[in-house]
Amino acid sequence: MKFNKICVLGLGYIGLPTASTFAAHGIPVVGVDVNPRVLETLRRGEVHIQEPGLHAAAEAALRSGMLTVAEKPVEADAFIIAVPTPFHDDKFGEQDGRKYKLADMRAVASAAEAIVPVLRKGNLVVLESTSPPRTTLDLLVPILEKSGLRAGRDFFLAYSPERVLPGQIMRELVENARVIGGITPESAQAGRDLYAVFVKGQIILSDATTAEMVKLMENTYRDINIAIANEFSRLAERFGVDVWEAVSIANLHPRVKILSPGPGVGGHCISVDPWFFVETAPDLANLIYAARTVNDAQPGYALELIKKAAGSLKGKKIAALGLAFKPDVDDLRESPAAEVAHLLLKEGAIVKAFEPFKPEGLPGIACVPTLAAALKDADAVVLLVNHTELRALTPEKLAAMTPARILVDMVNGWAGKDWAGAGFKIFRLGVRK
Ligand code: SAJ
């Protein structure tokens, strides 16, 4: 199949890099978003998302005219849906006393509705948004068939998940293996023709529900691995063991790869996707549910460690270092570090939070613009994110910047340095004091 025009619905962390990459490979792309501010920004030739390499790619695509933006889809050969699939804030499921989150699929449904008037025979529609199993068949097919066309017969339909790592999106988009699940083999083949335009990694064809499940399995596997690391950190504290040392030794086994414990699991993927299994099969997803519970409880566990280190937190000045959801990114969404800062505030602590990648911080958390301001009159210092810049702090440097002599390290960023020599008492997650 040949593509003379592509329409990408949703110009966020996935849609915009994808649209820019197709444009860079010589295919005219119309990018669609329901947020007028996003469209205005892009029309000015600017970019609303921080991601290495994205500015240059999107600006070049916009400047060349290969990428244009619009409020609504226009006729095209292929439509790619890359809109968010968050949770409902106000609706939960419940079975056997377990409460679980529910996916809010309204953005996917309305993107599909918007395609209906411009869908033509021979077109290809691809869903990229992470979705509960069977979404392509059960949600998309009925909506798209309102066009009078039959899915799989008159138009091609496929599911192809993005699997790129924030911070590496532009490179991984091209280099990663890509699975394309068609509702028919012909649909999968049409999807291959589309992504082969820029994907250098292996392209694997399958059916739509398999591809949906693959995406959820990858992130669920990682969530469960981190959950066991977090549980090991609790066990290590109980048994007087250094979890970091124990994990690094266990990982010397050729078939063991335990991830790292920390203050919790955040971001828009790993902490979200496992719930899509729980929601669609609450009677079966027991281990998945348990892992989510362990990881969601981890910010509370981190708070307990800070209390152990600093005593009552009421009126205590706490320097909270790092707010991002993981090291060396500026993304503060669904961040366990930010959750810990909230819990500290609830306990009556006077929090001064510093996030090097976003000095303006987050509303609702008392943020300061510099490391010096966070440290200058602190009673205790808590390392919440293993940013390179924060990890690099030395005992001598920190001793000169703060009167605090109590440190809490949630991410093993400050291991192996002579903190005691500089007068500090350090408490580390997963290490009994
Ligand atoms: N985390 C730990 N311990 C670890 C690793 C991570 O506590 O050992 C925490 C991080 O601090 C963060 C959270 O887990 O809060 C998630 O971070 P991450 O780096 O594991 O993953 P994401 O959310 O940035 O990206 C993941 C990736 N999925 C997998 O690695 C299987 C990425 O490839 C996906 O494209 C992305 O989810 C997505 O969009 O689904």
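Counting starts at 1 for both ligands and their atoms, following the listed order.
Counting non-hydrogen atoms of other residues, nucleotides and ligands closer than 6.0 Å to CD of Glu245 gives a total of 12 or fewer. At most 12 non-hydrogen atoms from other residues, nucleotides or ligands lie less than 6.0 angstrom from OH of Tyr221. In Met170, the CE atom is crowded: over 12 heavy atoms of neighbouring residues, nucleotides or ligands sit closer than 6.0 Å.
If you look at Lys215 next to ligand 1, the close heavy atoms, those under 4.0 Å, all belong to the side chain. At a heavy-atom cutoff of 4.0 Å, ligand 1 is contacted by both the backbone and the side chain of Leu259.
At a threshold of 4.0 Å, the pair Arg43-Glu40 does not count as salt-bridged, since none of the basic side-chain nitrogens sits closer than that to a carboxylate oxygen. Using a 4.0 Å cut-off between charged side-chain N and carboxylate O, Glu347 and Lys316 make no salt bridge.
Looking at atom 6 (C) of ligand 1, its nearest protein heavy atom turns out to be Ile226 CD1, 3.5 Å. For atom 21 (O) of ligand 1, the closest non-hydrogen atom of the protein is Ile270 CG1, 3.6 Å. The single protein non-hydrogen atom nearest to atom 34 (C) of ligand 1 is Val164 O, 3.5 Å, given as residue, atom name and distance. Looking at atom 31 (C) of ligand 1, its nearest protein heavy atom turns out to be Asn219 OD1, 3.2 Å. With respect to atom 30 (O) of ligand 1, the closest heavy atom belonging to the protein is Arg222 CD, 3.3 Å.
Under the 6.0 Å distance and 45° angle rule, Arg234 counts as a cation-pi partner of Tyr301.
Taking 4.0 Å as the cut-off, Ser260 counts as a neighbour of ligand 1 on heavy-atom distance. Every heavy atom of Gly167 sits 4.0 Å or more from the atoms of ligand 1. Under a 4.0 angstrom heavy-atom cut-off, Gly266 registers as being in contact with ligand 1.
Near Phe325, the atoms of ligand 1 lying under 4.0 angstrom from a non-hydrogen atom of the residue are 10 (C), 11 (O), 12 (C), 15 (O), 17 (O), 23 (O), 24 (O). Residue Pro166 approaches ligand 1 through these ligand atoms, each under 4.0 Å from one of its heavy atoms: 24 (O), 25 (O). Less than 4.0 angstrom separates some heavy atom of Glu218 from each of these atoms of ligand 1: 31 (C). Below 4.0 Å from some heavy atom of Cys269 lie the following atoms of ligand 1, by number and element: 23 (O), 36 (C), 37 (O), 38 (C), 39 (O), 40 (O). Residue Arg163 has at least one heavy-atom neighbour below 4.0 Å for each of these atoms of ligand 1: 32 (C), 33 (O), 34 (C), 35 (O). With ligand atoms numbered from 1 in the order given, ligand 1 contributes 24 (O), 25 (O), 27 (C), 32 (C) to contacts under 4.0 Å with heavy atoms of Leu165. Interface of Glu162 with ligand 1, defined as ligand atoms under 4.0 Å from a residue heavy atom, comprises 35 (O), 38 (C), 39 (O), 40 (O). Close approach of ligand 1 to Val265 is summarised as follows: ligand atoms under 4.0 Å from at least one heavy atom of the residue are 13 (C), 14 (O), 15 (O).
Taking only nitrogen or oxygen atoms, main chain and side chain alike, Pro261 does not reach within less than 3.5 Å of ligand 1. Ligand 1 has an N or O atom lying under 3.5 Å from an N or O atom of Lys326, backbone or side chain.
Leu62 CG to Ser20 OG: the interatomic distance, rounded to the nearest 0.5 Å, is 7.0 Å. Rounded to the nearest 0.5 angstrom, Ile365 CD1 and Leu345 CG are separated by 7.0 Å. The CZ atom of Phe79 sits 5.0 Å away from the CG atom of Asn123 when rounded to the nearest 0.5 Å.
Between Leu16 and Val47 there is a side-chain heavy-atom pair separated by less than 4.5 Å.
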Problem set entry | Audit row: Phe22, Phe198, ring-ring contact (aromatic ring centres under 6.0 Å, His included) steps and yes/no | CA-CA 7 Å; Phe22 274 117; Phe198 66 76; 4.7 Å; yes
Check residues 277-289 and write down every donor-acceptor pair under 3.5 Å in which the side-chain atom is one partner and the other belongs to a residue at least two apart or another chain.
| unit_1 | atom_1 | unit_2 | atom_2 | d |
| --- | --- | --- | --- | --- |
| Glu279 | OE1 | Ala103 | N | 2.8 |
| Thr280 | OG1 | Phe276 | O | 2.5 |
| Thr280 | OG1 | Phe277 | O | 3.4 |
| Asn286 | OD1 | Arg98 | NH1 | 3.1 |
| Asn286 | OD1 | Arg98 | NH2 | 3.2 |

